[in-house]
Structure formats: structure tokens, C-alpha cells
A.B. asks: 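Sharing a structure with you now.
Chain letters run A, B, ... following the sequence lines, proteins first and then strands; every chain starts at 1.
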There are 2 protein chains.
Amino acid sequence: MTDQQVPSTIKDEALIVKRRNQMIKGAVTLFMEKGFHKTTTREIAKASGFSIGTLYEYIRKKEDVLFLVCDSIYQRVKERMEASIDPEQTTVKSLIQAVRSYFQLMDDMQDEVLVMYQEVKSLSREAQEYVLQKERDMVAMLEQVIINSLPGEYAEAEVRLMANNIFVQGQMWGFRRWILQRNFTIKTYTDTQIHLLLRGLGKETEGIIQPADNAGHA
Amino acid sequence: MTDQQVPSTIKDEALIVKRRNQMIKGAVTLFMEKGFHKTTTREIAKASGFSIGTLYEYIRKKEDVLFLVCDSIYQRVKERMEASIDPEQTTVKSLIQAVRSYFQLMDDMQDEVLVMYQEVKSLSREAQEYVLQKERDMVAMLEQVIINSLPGEYAEAEVRLMANNIFVQGQMWGFRRWILQRNFTIKTYTDTQIHLLLRGLGKETEGIIQPADNAGHA
DNA sequence: CGATGTTGAGCGAGCGTTCAATCGTCATTT
DNA sequence: AAATGACGATTGAACGCTCGCTCAACATCG
């Protein structure tokens with residue numbers, strides 16, 4: 001699919017895909033080093049292996065590059081998640097496995113995820129909405145795994161929050177690397193998070209915890 | 001304290017403080033609306049109530065404004081945390097209370113925290129280091145509360161991770177508001193998080209969970 | 001009238017974007 | 001086989017504008 005979101009003057013569809021992949025690859029590195037705003041269109045062109053003029057045959061505005069980058073990253077993350085997680089499994093073990101492979105994924109792609117995280121806000125409102133939908137889908141996947149693994153044990157709101165927690169804890173491994181990766185490897189991080197997830201504090205909960213079976217609107 | 005980090009040509013110390021507070025107040029709003037990079041120095045000056053020339057009597061570079069803003073926000077958050085949390089308490093109840101007041105704080109200051117979070121990366125390496133130290137301090141506070149509330153029950157690594165989780169869950173309320181605040185109020189969010197924190201999944205943990213008493217380097 | 005603080009027009013660099021010129025390829029004509 | 005021309009793709013010099021930053025002139029006050 002040649003992102004309809006970003007039209008091009010070029011006719012050759014295969015070429016568009018090829019050139020855009022060059023762009024994305026070059027741009028990610030640059031965005032990682034200096035951020036979107038401090039990166040020049042000329043730099044992007046050079047890193048992509050063609051000239052500034054050519055760049056503008058494949059995009060309209062600089063922001064289009066950012067969109068292509070974010071979209072591509074989200075897409076890859078989503079695909080790898082779909083490939084490694086089977087939401088039809090129904091054991092706690094499979095939940096654990098899902099968390100493990102998700103965390104591993106976030107470790108593999110931490111640079112990309114970090115870039116995405118820091119720059120999506122520079123996208124236009126619509127582009128953000130478009131890209132964020134993929135995020136919702138991923139959280140929903142985690143939700144589904146939880147529901148299937150622990151049927152009937154948790155309120156809807158709890159499950160939703162758990163899914164969000166896991167999702168963010170994965171990203172956190174990347175965007176708080178400066179502190180976490182001094183204390184953990186991805187393996188020990190994963191193990192410890194799973195440990196906390198399963199055990200909780202498990203004591204003296206009487207009277208302190210509210211029912212928490214709420215799902216109302218704000 | 002007149003941030004030594006950002007020198008000024010003005011002699012009157014009290015005036016510096018006053019003008020900088022004007023700057024910070026105006027800038028936060030602008031950064032929130034359009035982000036640091038898309039905000040003009042002229043806009044900052046106008047929002048602060050003085051001219052572009054005056055602005056540059058109180059800072060050297062545009063980035064100084066960002067530093068002042070981030071520093072001020074971190075400072076306020078840290079102060080409010082110190083005021084509302086007593087790390088000497090030794091009950092689970094006091095841990096809960098600490099989480100409650102921290103989450104409430106993050107709700108009160110979500111706009112500021114969001115700005116900070118999205119823009120710190122635009123600071124210079126040193127400025128980031130300086131500001132991040134405050135973050136470390138805050139996480140350490142949470143760590144201390146946990147240690148005192150649950151003495152001897154958790155490995156060092158677990159406590160550290162728990163503190164980081166709570167810290168991030170607080171921020172998450174702000175930076176994932178577009179999804180969380182459709183499903184929760186700050187009250188239900190807090191209750192549910194505490195619920196999950198205390199209970200865990202609490203079942204079938206045998207053979208799945210590793211010891212997780214690790215604290216090695218990456 | 002010095003000293004301190006304020007002003008905003010103006011400078012100049014840098015950047016996003018354009019487009020006339022050029023290249024490469026291949027079907028058509030001679 | 002060579003010449004022609006049409007078409008799609010590529011190039012980078014050039015344009016115009018924005019924006020960070022300066023500074024000579026001015027205001028205020030003791």
C-alpha cells in the first residue's frame with residue numbers, strides 16, 4: 001500500500017515504495033540524533049541517497065517525512081505484535097508469554113519507539129489521530145489477551161488499565177533507559193515486571209482498597 | 001535563588017525573579033499550545049508582557065527559556081511532593097497515601113508535566129542532566145516510602161522498579177489522557193491502580209515467576 | 001546627568017520549497 | 001543501425017521568508 005496519506009508526483013509505484021523506504025531509514029537515524037525540528041530537509045535527502053529536489057517529488061511537506069516515519073514504525077511494531085501474540089490462548093502462561101515477547105519487541109525497537117514517542121506531537125491533528133488508532137489497536141490486543149487468560153476475574157476497567165500499564169511499561173524500557181538500563185537488562189526487567197504484575201503486594205489489603213469496579217466517564 | 005544556570009545583564013535581583021516568573025508563566029501556555037520549536041521568541045516576549053529586547057536582557061538564548069520553564073516545573077512538583085509525602089511513615093497505608101497524593105499532584109499539574117515531558121529532550125545535554133537529577137530525587141523518595149512501608153519484603157531491584165512504575169503511572173495519567181480520561185476520573189484511576197498494585201494477579205505463580213532478585217548491570 | 005532598565009527596527013543566517021535545466025531510457029522513425 | 005523525440009525521474013541553484021538575536025536610541029529615576 002502506497003500511503004494515500006502522502007501523494008507523490010511520481011508514477012512508478014514500486015519506485016515510490018523504494019524511495020520512501022530509503023527516506024524512512026535515513027530519517028529515523030537523523031531524528032534520533034537531533035530530533036525532527038533540528039533536522040534539515042537537505043540532510044534527510046542526503047541521508048536517503050538522493051537530492052533535495054527528488055525528496056520533494058515524493059512528499060509535499062517536511063512533515064510528511066515525519067508521518068511516514070511514525071506510520072512505518074507503528075506499523076512494524078503492530079505487525080510484530082500480531083505475529084508473536086495469539087489472543088486466543090487462555091492460560092496465565094500465555095499472558096506471561098505475550099508480555100515477554102512485547103517487552104522483547106520494545107527492546108529491539110527502542111530507538112524507533114523513542115523517536116516516535118518524542119515526535120508524534122509534531123504531526124497534524126489528523127495524522128496523530130490516524131497513527132494513534134494503531135496504538136489503540138495494540139492496547140486492545142493486550143486487553144484481549146488478559147481477558148482470555150483471566151476470564152471473569154477482573155472488572156472491565158481493571159483489565160483496561162492493566163493493558164495500558166503493560167503497554168507503557170514496555171515503552172518505559174526505552175524512554176527511561178538512562179535510569180532503567182543501569183539497573184536491569186531486558187531479561188531482568190521483564191522478569192521483575194512480571195513478578196510484580198502477578199504477585200502484587202498481596203497483604204493488608206482489607207479496608208484500604210476500594211471496590212474499583214468502575215468504568216464511568218470522566 | 002536566581003538560577004546561576006542562566007545569567008542576566010540586569011542588576012536588580014528581585015526584578016530578575018519577577019521578570020522570569022512572567023516569562024515562565026507566559027511560555028508554559030505557549031509551549032502547551034504549539035510546542036517549544038514552533039513558539040517564537042517574540043511571542044514569548046509578548047505573552048510575558050514586555051518586548052523582545054527586554055526578553056534578551058534576562059536570557060541569552062531561546063533555549064534558556066525552556067530551561068527556566070522545565071526547571072520551574074520540576075521544582076514545583078518536587079516541592080509539592082516533599083510537602084505531601086512523609087518518607088518516615090512505615091505502614092502500607094502511608095504508601096497508599098503517598099501514591100494518592102502523588103497522583104493528585106500529577107492531575108493538578110498535568111499540563112505542565114506534559115509540556116516538560118515533551119520538551120526536555122530539546123535541552124542541552126548538561127541542562128537535561130541537571131533537570132533529570134530532580135527526577136531521580138523524586139523516584140528515590142518513592143523508593144524510600146516503599147522500603148519503609150514494606151521492610152525486608154522485596155529485593156532492591158523490585159523496589160526500584162516499583163518506584164519507577166508508580167512514578168510513570170502518575171505521568172501516564174497526563175500524557176495518555178486522550179485514552180485514560182475517557183475511562184477514568186482521577187479518583188477511579190487512583191483507586192484502580194492501587195488495587196492492582198496491592199493485589200497483583202495472585203495465582204498460579206509457581207514455576208512461571210523467576211526469583212527476580214537481580215540488580216546487575218546491563 | 002550617570003546608571004539602570006526598556007524598546008523595536010533591523011540584520012543576517014538558515015531553512016523549506018520550487019522549477020528550469022538535464023539525464024536516461026526506450027519506442028518510433030529514417 | 002543510427003537519429004529523433006517524448007516522457008518520467010533527478011538535480012541543485014535560487015527564492016522568499018521566518019526567526020533568533022543585537023544595538024543604538026530612549027525612558028526613568030535618584
A.B. asks: State, yes or no, whether a side-chain contact exists between A/Y58 and A/V6 at a heavy-atom distance under 4.5 Å.
C.D. replies: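 No, their side chains stay 4.5 Å or more apart.
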A.B. asks: Could you work out, with ring pair (Phe, Tyr, Trp, His ring centres under 6.0 Å) as the rule, every residue matching B/Y74, not counting sequence neighbours?
C.D. replies: none
A.B. asks: Look at the side-chain N and O atoms of B/Y58 and state whether any lies under 4.0 Å from the OP1 or OP2 oxygen of C/dG5.
C.D. replies: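 No, no such contact exists.
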A.B. asks: State, yes or no, whether a side-chain contact exists between A/K38 and B/H37 at a heavy-atom distance under 4.5 Å.
C.D. replies: yes
A.B. asks: When the distance from CG of B/D12 to C1' of C/dA3 is rounded to whole Å, what number comes out?
C.D. replies: 13 Å
A.B. asks: Round to a whole Å and report the spacing from CG of B/L55 to P of C/dT6.
C.D. replies: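 Between P of C/dT6 and CG of B/L55: 12 Å.
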A.B. asks: For A/F50 and D/dT11, what is the distance between atoms CZ and C1' respectively, to the nearest whole Å?
C.D. replies: 12 Å
A.B. asks: For the NZ atom on B/K25, are there more than 12 heavy atoms of other groups (residues, nucleotides or ligands in this structure) within a distance under 6.0 Å?
C.D. replies: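 No, the 6.0 Å shell around NZ holds no more than 12 heavy atoms from other groups.
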A.B. asks: Do B/N165 and A/Q193 have a side chain donor and acceptor closer than 3.5 Å?
C.D. replies: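 Judged by distance alone, the side chains do pair up.
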A.B. asks: Whole angstrom is fine here: how far is it from CD in A/E13 over to P in D/dA9?
C.D. replies: 10 Å
A.B. asks: Can a cation-pi geometry be assigned to B/K121 and B/F36, taking NZ or CZ under 6.0 Å from the six-membered ring centre and within 45° of the ring axis?
C.D. replies: no
A.B. asks: Mind checking if B/S8 touches a base, just sugar-phosphate, or nothing, with heavy atoms under 4.0 Å?
C.D. replies: nothing
A.B. asks: Grab the CG-P distance between A/L15 and D/dG8 for me, whole Å please.
C.D. replies: 13 Å
A.B. asks: Checking B/D12 now: which residues fulfil salt bridge (Lys or Arg N to Asp or Glu O under 4.0 Å) with it, not counting sequence neighbours?
C.D. replies: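 So B/D12 forms no salt bridge (Lys or Arg N to Asp or Glu O under 4.0 Å) with any residue.
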A.B. asks: Give the rounded distance in Å between these two atoms: CG of B/L66 and C1' of D/dG20.
C.D. replies: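 The distance from CG of B/L66 to C1' of D/dG20 comes to 15 Å, rounded to the nearest Å.
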A.B. asks: Nearest of C/dG8, C/dG5, D/dG20 to any side-chain atom of B/T40?
C.D. replies: D/dG20
A.B. asks: Name the pairs: protein N/O against N/O of nucleotides 17-24 of chain C, kept only if under 3.5 Å.
C.D. replies:
unit_1, atom_1, unit_2, atom_2, d
C/dT17, OP2, A/Y56, OH, 2.4
C/dT17, OP2, A/K62, N, 2.8
C/dT17, O5', A/Y56, OH, 3.4
C/dT17, O4, A/R42, NH1, 3.2

A.B. asks: Could you tell me how far apart B/E43 (CD) and D/dT18 (C1') are, to the nearest whole angstrom?
C.D. replies: 12 Å
A.B. asks: In whole angstroms, how far is the P atom of C/dG14 from the NE2 atom of B/H37?
C.D. replies: 17 Å
